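Below you'll find the structure, written out as structure tokens, and then a few comments.
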Amino acid sequence: MATHADEPPVIRVRGLVNRFGDQTVHEGLDLDVRPGEILGVVGGSGTGKSVLMRSIIGLQTPAEGDITVLGQPVTGGETTQNQELTRQWGVLFQGGALFSGLTVAENIEVPLREYFRLTGQLMDEIAAYKVAMVGLPPEAGPKYPSELSGGMKKRAALARALALDPKLLFLDEPTAGLDPIAADGFDTLIRTLAETMGLTVFLITHDLDTLHAICDRVAVIAEKRIIASGTVAELSRFDHPWVQEYFSGPRGRAAAIAQHHAPLEVG
Amino acid sequence: MSHPAPPDAPVPDMPVLSIRLADGVLAFDGRLTIARVSETERQLEDMLARSPGPLLIDLSGLTRIDTVGAWIVHRLLRDRPGSGITGASADAERLLAEVSAADRPCEVRPVTEPFILRELRRLGEYVYAFRDSAVSALDFIGLTIISAWRAIAAGRGVRWNAVWVQMEQVGVNALGIIGLMSFLIGIVLAQQGAVQLRQFGAEVFVINLVGRATFRELGILLTAIMVAGRSASAFAAQIGSMKLAEEVDAMRTIGLDPIEVLVLPRTIALILMMPLLAFYASVLGVVGGGLFSWAELGIPPATFAQRLREVVPMSDFWIGLSKAPVFGAIIAIIGCHQGFQVTGNAESVGQRTTQAVVEAIFIVIVLDAFFAVFYTALGLS
Ligand SMILES: Nc1ncnc2c1ncn2[C@@H]1O[C@H](COP(=O)(O)OP(=O)(O)O)[C@@H](O)[C@H]1O
Ligand SMILES: [Mg+2]
């Protein structure tokens, strides 16, 4: 995958501090996401991965720190008003967050309607090919979110995140709750889409297989900051108890072996 | 283009898309991306309408292409057999392959029928829904009674903790608004009564009017309407949201009876609180009327109170209070019943909440009329 280490980072976080009451979630967190890479973010439950993502996309106003996305400063609440910026990213929330009153295809058309004046026919066509691209059957288009399974909801939410052909994609635990086969399919899908559309991906995950299969780099969040980042190989040599436990525990080793023996089409 | 540019359009250094069509060659220059396509879609359509037949699509001048651009090209290739492309970059080739693989049309919304048919069908559905809802509400009352019986028979008793919490929410927290409302209604009643009775020099009968009307009818009826608005809606929304989050199903799998856990405490709380609220409302209504009489008609509070005792029979008081627990039970059960009817999505929570309030107020008024006839027939007028 073509990552451009020399170009300025797409996302740049410096000295981020987040607090809820007297609980400090982040304390001086630094992070760079380079253009064209898939960055995996890992960490234990409740270490603040989702909060980090919400800070970057401006849904959470940090107590301190600077965040720049695509060269523009992000300052809490006002960011979501900045259409020039929001147009360039797509977000897949942990729970999918599809609009329950709209069908899958209409969900995909929401961002199209918001930003552009396309003809109804072209919008319907775009929605249809996005539905197919994320691997949903055509019957899913006119269905309401409550009529879909968990995995289909994730795919539909991904299709909505991709509606505007964004440069930057945020995924919060996209494969959590999917069966292993569906999760593999999802990994492959994200990798293919990232390659064909030249995406930069910020990917929160618990899924070791996902890390091995599709991430160019991995950032580990612990002790309220990013304690290490690098390729999976680099991290598995990193000397920190949590990181060691994570990559060298039974599941970590199994994922590494699986990846080694079957480089698949995504390797 | 004729339509105004979308708010994000003028990015200074972003080259626009230019389209040329000559001698069967369609050339795109610049950025064939969603933003540019949305500006030039109609222009492109006009051009294409003038030149039917196969095209050679020249992509050599493109600086960037996304899936929407690729889709436009793919659609032309598909709809005009014999067309071809030239000068496509590797990126463009890959995106074209990607969108043509995804070319499987699907419906955007469920199939809709003609207007007349749809409205007729809705009317029919409404009639059936009315019948079903009445039947299922009766079912629900039965279920609630059975659950209550089971809880008692099994020695579990009532969940008093939940009842206390609900009593605070439906009763104590409503004191402010119900008190204010009754007080104001008492003033209005006295004032309007005084205007009419003054014509006969009978202002003193304002006391009869305020006293009898509030204790017998208005205190309880207005309280019931306010509680229906506050609590039937709250019950429907709480239980509806729990249903959406599958919390109700989770309870069932753990072996908890959702009716026992959710409906009984709310119903008991309202049955206990309604008489207290109704009494409180009646008292404040009378206080409002009394203050008005004092200020405007010069009837001192002591006289007012004494006359009140003479003209308002105890039966009025008991009749008013006897209705309260019935109204409380019916409001709680309708609210909870609508909550359990929620299915699917957030919109359904809204619909059911609205319906809970409308139904609760309607039934309360119907029952009140029924009580009026009943007590009159008993000779208690
Ligand atoms: N809106 C909120 N209010 C209070 N605390 C919150 C809120 N959102 C997150 N937290 C706390 O911040 C911490 C990190 O949460 P989160 O980012 O969701 O974790 P995860 O890494 O599992 O995604 C948790 O301890 C959580 O309790
Ligand atoms: Mg999370």
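These numbers were taken from a predicted model, which means no experiment stands behind them. Residue numbers start from 1 in every chain, and the chains themselves are labelled A, B, ... in the order their sequence lines are given, proteins ahead of strands.
Listed options A:T103, A:L164, A:L122 were ranked by heavy-atom pairs under 4.5 angstrom with chain B; first place goes to A:L122. Interface summary for chain B: among A:P145, A:A132, A:P142, A:P137, the most heavy-atom pairs under 4.5 angstrom belong to A:P142. By number of non-hydrogen pairs under 4.5 angstrom with chain A, the leading residue of B:E107, B:E45, B:E347 is B:E107. Among A:S146, A:A128, A:S100, A:A105, the residue with the largest count of heavy-atom pairs under 4.5 Å with chain B is A:S100. Per-residue heavy-atom pair counts under 4.5 Å with chain A were compared for B:D66, B:D103, B:I34, B:T67, and the maximum is reached by B:T67.
Put simply, the side chain of B:S38 never gets that close to the backbone of A:L118: no donor and acceptor are under 3.5 Å apart. Of the possible donor and acceptor atoms, one in the side chain of B:R94 sits under 3.5 Å from a partner among the backbone N and O of A:E195.
Among B:V99, B:V37, B:V68, the single residue meeting the side-chain contact (heavy atoms from CB on, under 4.5 Å) criterion with A:I126 is B:V68.
Atom CD of B:E246 has 12 or fewer heavy atoms from other residues, nucleotides or ligands within 6.0 Å. For B:L117, the CG atom is densely surrounded, since the number of other residues' heavy atoms within 6.0 Å is greater than 12.
With a threshold of 4.5 angstrom between heavy atoms, B:L244 does not approach chain A through any atom at all. Using a 4.5 Å cut-off between heavy atoms, A:E109 touches chain B through its side chain atoms alone. With a 4.5 Å cut-off on non-hydrogen atoms, A:K143 does not touch chain B at all. Within the 4.5 angstrom heavy-atom criterion, no atom of A:L102 approaches chain B. Looking at A:Y144, the atoms closer than 4.5 Å to chain B (heavy atoms on both sides) all sit in the side chain, from C-beta outward. At a 4.5 Å heavy-atom cutoff, the contact between B:P110 and chain A is made by backbone and side-chain atoms alike.
Put simply, the side chain of B:V108 does not reach to within 4.5 Å of the side chain of A:E125, judged on heavy atoms.
Separating the CH2 atom in B:W71 from the NZ atom in A:K130 is a distance of 11.0 Å, to the nearest 0.5 Å. Rounded to the nearest 0.5 Å, atoms CG (A:D124) and CZ (B:R109) are 5.5 Å apart. B:R104 CZ to A:Y129 OH: the interatomic distance, rounded to the nearest 0.5 Å, is 14.5 Å.
Considering every non-hydrogen atom in both B:C106 and A:G141, the closest pair reads SG-CA, 3.9 Å. For B:P105 against A:P138, the heavy-atom pair with the smallest separation is O-CB, 3.7 Å.
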